[in-house]
Amino acid sequence: MAENVRPKLESYLPPPILKLVKEAGERASQLGMGVYLVGGVVRDLFLKRPNYDIDLVVEGDAVRLAHVLANESQGKLTVHSRFGTANLRYPDFSIDLATARREIYGRPGALPIVEPGRLVDDLIRRDFSINAMAICLMPQRFGDLIDLYQGKQDLEKKLIRILHPDSFVDDATRILRALRYEQRLDFRLEADTEILLRRDVSKLGTISGDRLRHELYHILMKEPEPEKVFARAEKLGVLKQLYPSLKGNSRLGQKFARTRRLYKRISLATIYLCLLVHEFNENELGQFIAYFNLPRTMAEAVLHTVRLKAKLCELDNPKLKPSEVYRFLRPYSAQAIRANLVATESPIAEKHLKLYLTKLSSVKPLLNGDDLLKMGVSAGPQVGEVLKALHEARLDGVIKTRKGEEEFVRSMRSGGP
Ligand code: ATP
């Protein structure tokens with residue numbers, strides 16, 4: 001008989017989510033469909049880790065069920081009819097509904113052919129036993145656990161286990177996913193899974209740059225300590241297969257840890273990415289950008305990182321004035337500057353980079369072009385020149401007040417500084 005986890009589910013899910021999933025079960029039942037909670041949230045329920053990315057699998061028509069639920073709640077509905085999926089967005093959480101799918105894999109690395117299926121078809125196409133559990137939501141079986149691959153036992157044993165021997169061949173992105181879960185949860189690869197992962201590591205070469213980039217972002221964005229994933233990937237020979245110049249050594253670990261200490265309130269993924277490629281030369285970097293098909297802002301951040309690193313010795317000079325530091329750093333993206341601040345071993349360069357980020361980048365004169373015209377500066381290039389001189393004087397702390405700025409402009413006009 002199936003284990004029933006109703007009490008666990010009722011205390012784990014926040015009340016508004018619980019209400020909605022119960023509603024989904026009732027409506028599905030009335031429509032002659034089945035609906036199940038699946039994937040990460042079931043895993044995290046047993047691990048007592050918060051996860052409110054709610055994934056539902058529907059035996060029937062997920063889009064139709066989503067329409068019914070949207071009509072009865074305040075959810076904002078988005079539908080992808082082609083994939084038989086829908087998303088319901090609420091202020092504090094969102095629910096994905098997908099029609100149960102059967103997948104047929106053709107060529108390794110290619111996306112599979114998909115057709116509607118039953119829950120069991122949907123579960124077997126999943127990556128690991130711990131992600132392949134489902135909880136029934138229909139009223140008559142609410143809370144019944146469907147665990148066809150001993151996922152719960154693997155959770156207890158702290159194991160990451162694939163569901164069939166060709167899993168990594170079918171989809172080699174699972175190699176990266178395996179390491180992500182292993183490191184995040186402090187689990188181990190189950191022995192056969194590790195053997196197969198080592199056997200199939202070359203299959204990463206069958207995955208498109210776009211999909212690899214997506215997995216790389218996942219590691220950088222979702223994992224609290226992404227360096228652990230890179231270190232493990234290096235040990236298993238995964239990293240050099242992903243991209244030969246990538247390194248997952250302890251230096252990288254120190255830089256990532258320092259990034260977290262330095263930057264508390266901003267998203268770290270781009271800085272991590274910049275640090276991953278910090279030691280590359282421009283040639284390697286160009287190939288990296290093309291291989292992972294990096295979007296423009298990311299490509300700019302990594303290029304600026306490497307270019308700034310190559311010239312950073314110019315900041316290793318204690319005599320630089322703040323305005324000189326500003327002029328030197330202004331062309332580079334903020335993320336590239338942040339990454340170089342993390343990585344530099346020169347205390348003087350570090351001081352200048354910090355000064356730029358915390359102060360100089362936001363220094364502006366109080367007077368603007370109109371003020372200067374009113375003060376008698378003639379229209380044309382002279383306005384720009386006076387503003388630039390004012391800005392530099394502000395940066396260097398020569399003037400600190402509006403009155404000081406006005407005096408500065410007057411003295412400039414009378415042939416002063
Ligand atoms: P996270 O905690 O990182 O958000 P998640 O388990 O919610 O993890 P998603 O990437 O959102 O992961 O995927 C949702 C579910 O879809 C997974 O739990 C897994 O069952 C399945 N899945 C995702 N990617 C794959 C894949 N490449 N192969 C097989 N199943 C996958």
Could you check whether atom CZ of Arg258 has more than 12 heavy atoms from other residues, nucleotides or ligands sitting under 6.0 Å from it? yes
### Task
Would you please test Val42 and Val5 for side-chain contact (heavy atoms from CB on, under 4.5 Å) and show each step?
CA-CA 10 Å; Val42 180; Val5 297; over 6 Å; no
Open item on the list: Check Arg251 with Glu345, please: is the shortest side-chain N to carboxylate O separation under 4.0 Å?
Closed with: yes
Note to self: Using side-chain heavy atoms (C-beta onward) and a distance below 4.5 Å, is Asn71 in contact with Leu77?
What the structure shows: no
Open item on the list: Can you tell whether the side chains of Glu350 and Lys354 come within less than 4.0 Å, N to carboxylate O?
Closed with: yes
**Asked** Is the backbone of Asp371 close enough, under 3.5 Å, to the side chain of Asn368 for a donor and an acceptor to pair up by distance?
**Response** yes
Test item: side-chain donor near acceptor, Ser129 and Asp154, under 3.5 Å: yes
*Would you please classify the geometry between the Tyr332 ring and the His304 ring as parallel, tilted or perpendicular, with 30° and 60° separating the classes?*
perpendicular
Heavy-atom distance under 4.5 Å between the side chains of Ser73 and Leu20, does that happen here? yes
CE of Met33 to CG of Leu31, rounded to nearest 0.5 Å, is 4.5 Å
Checklist entry - Between Lys22 and Glu26, is there a salt bridge with N-O shorter than 4.0 Å? => result no
Q: Look at atom CD of Gln140 and say whether more than 12 heavy atoms of other residues, nucleotides or ligands are closer to it than 6.0 Å.
A: yes
Can you list the steps and then say if Arg161 with Thr193 is a side-chain hydrogen bond (donor to acceptor under 3.5 Å, both in side chains)? CA-CA 6 Å; Arg161 190 162 54 83; Thr193 297; over 6 Å; no
Between the CG atom in Leu320 and the CD atom in Glu314, the distance rounded to the nearest 0.5 Å is 9.0 Å
Original post:
Between Asp171 and Arg126, does at least one N-O distance fall below 4.0 Å, as a salt bridge requires?
Top reply: no
**Request:** Decide yes or no for His391 and Leu395: does some side-chain heavy atom of the first lie under 4.5 Å from some side-chain heavy atom of the second?
**Result:** yes
Is the shortest side-chain N to carboxylate O distance from Glu3 to Lys152 below 4.0 Å?
yes
**Asked** Any sub-3.5 Å donor-acceptor pair from Asn249's side-chain atoms to Leu252's backbone N or O?
**Response** yes
- Item | Other residues, nucleotides, ligands: >12 heavy atoms within 6.0 Å of Arg102 CZ | no
*Say whether, by atom type as modelled, one donor and one acceptor occur between the side chain of Asp121 and the main chain of Arg118 under 3.5 angstrom.*
yes
Would you please classify the geometry between the Phe288 ring and the Tyr243 ring as parallel, tilted or perpendicular, with 30° and 60° separating the classes?
-> perpendicular
>> Side chains of Ser333 and Glu300: any donor to acceptor distance under 3.5 Å?
In response: no
side-chain contact (heavy atoms from CB on, under 4.5 Å) evaluation trace for Asp55 with Val41: CA-CA 7 Å; Asp55 283 316; Val41 67; 5.6 Å; no
One should read off an interatomic distance between Leu239 CG and Leu246 CG, to the nearest 0.5 angstrom, of 5.0 Å
Q. Donor-acceptor pair, Asp200 side chain versus Lys203 backbone, under 3.5 Å?
A. no
Atom CZ of Arg327 with >12 non-hydrogen neighbours under 6.0 angstrom
yes
task: Would you please test Asp166 and Arg199 for salt bridge (Lys or Arg N to Asp or Glu O under 4.0 Å) and show each step?
output: CA-CA 10 Å; Asp166 277 336; Arg199 181 196 73 181; 3.6 Å; yes
task = Check whether any side-chain N or O of Asn281 sits under 3.5 Å from a backbone N or O of Asn283 as a donor-acceptor pair, and report yes or no.
result = yes
Any side-chain to backbone donor/acceptor pair from Arg49 onto Asp44? Under 3.5 Å, distance only.
no
* With a 4.5 Å limit on heavy-atom distance, are the side chains of Leu9 and Ile135 in contact? -> yes
Requested in this report: Please determine if Asp210 and Arg213 form a salt bridge, counting it only when a charged side-chain N lies under 4.0 Å from a carboxylate O.
Outcome: yes
Check ion pair Glu182-Lys228 (N to O, under 4.0 angstrom):
no
Short N-O contact, Glu392 and Lys321, less than 4.0 angstrom
no
Distance col, row Asn317:CG vs Phe328:CZ, nearest 0.5 angstrom, shows 11.0 Å
So does Ala301 get a backbone contact from the side chain of Thr305, meaning a donor-acceptor N/O pair under 3.5 Å? yes
key: Non-hydrogen side-chain atoms of Asn51 and Arg43 separated by less than 4.5 Å   = yes
#### Entry: Residues Ser361 and Tyr326: side-chain donor-acceptor under 3.5 angstrom
no
In Arg260, Lys247, Lys255, the residue satisfying salt bridge (Lys or Arg N to Asp or Glu O under 4.0 Å) with Glu227 is Arg260
Should the pair Lys48 and Tyr12 be classed as cation-pi, given the thresholds of under 6.0 Å to the six-membered ring centre and 45° from the axis?
no
For a side-chain hydrogen bond (donor to acceptor under 3.5 Å, both in side chains) check, start with the C-alpha distance between Thr78 and Asn87, then their side-chain angles and the critical distance, and finish with the verdict. CA-CA 5 Å; Thr78 312; Asn87 173 269; 4.6 Å; no
OG1 of Thr358 to CG of Leu360, rounded to nearest 0.5 Å, is 7.0 Å
- Query: Is a side-chain N or O of Arg394 found less than 3.5 angstrom from the main chain of Lys400, in a donor-acceptor match?
  - Reply: yes
- Using 30° and 60° as the class limits, which term best fits the ring planes of Tyr181 and Phe128: parallel, tilted or perpendicular? perpendicular
Original post:
With a 4.5 Å limit on heavy-atom distance, are the side chains of Pro322 and Val325 in contact?
Top reply: no
*Quick one: does Ser29's side chain have a donor or acceptor within less than 3.5 Å of a partner on Met138's backbone?*
no
Side-chain heavy atoms of Val277 within contact of Ile289, under 4.5 Å: no
Yes or no on salt bridge (Lys or Arg N to Asp or Glu O under 4.0 Å) for Lys240 and Glu234, after CA distance, side-chain angles and deciding distance? CA-CA 7 Å; Lys240 69 172 187 296; Glu234 179 152 291; over 6 Å; no
Legend entry - No-hydrogen, no-angle side-chain donor-acceptor test under 3.5 Å, Tyr36 and Glu59: yes
Verdict with reasoning, Ile54 to Leu37, per side-chain contact (heavy atoms from CB on, under 4.5 Å)
CA-CA 7 Å; Ile54 307 297; Leu37 191 64; 3.7 Å; yes
- Query: With a 4.0 Å cut-off, would you call Arg211 and Glu215 a salt bridge?
  - Reply: no
**Prompt:** Do Phe230 and Leu220 have side chains that get closer than 4.5 Å, going by heavy atoms?
**Reply:** yes
Spell out, as yes or no, whether a donor-acceptor pair under 3.5 Å connects the side chain of Ser362 to the backbone of Lys359. yes
Look at atom NZ of Lys351 and say whether more than 12 heavy atoms of other residues, nucleotides or ligands are closer to it than 6.0 Å.
no
Q. Where does the angle between the aromatic ring planes of His214 and His218 fall among parallel (under 30°), tilted (30 to 60°) and perpendicular (over 60°)?
A. tilted
Derivation of the side-chain contact (heavy atoms from CB on, under 4.5 Å) call for Leu155 and Leu47: CA-CA 8 Å; Leu155 278 181; Leu47 293 174; 3.9 Å; yes
Value for CG (Asp127) from CD1 (Ile160), rounded to nearest 0.5 Å, stands at 9.0 Å
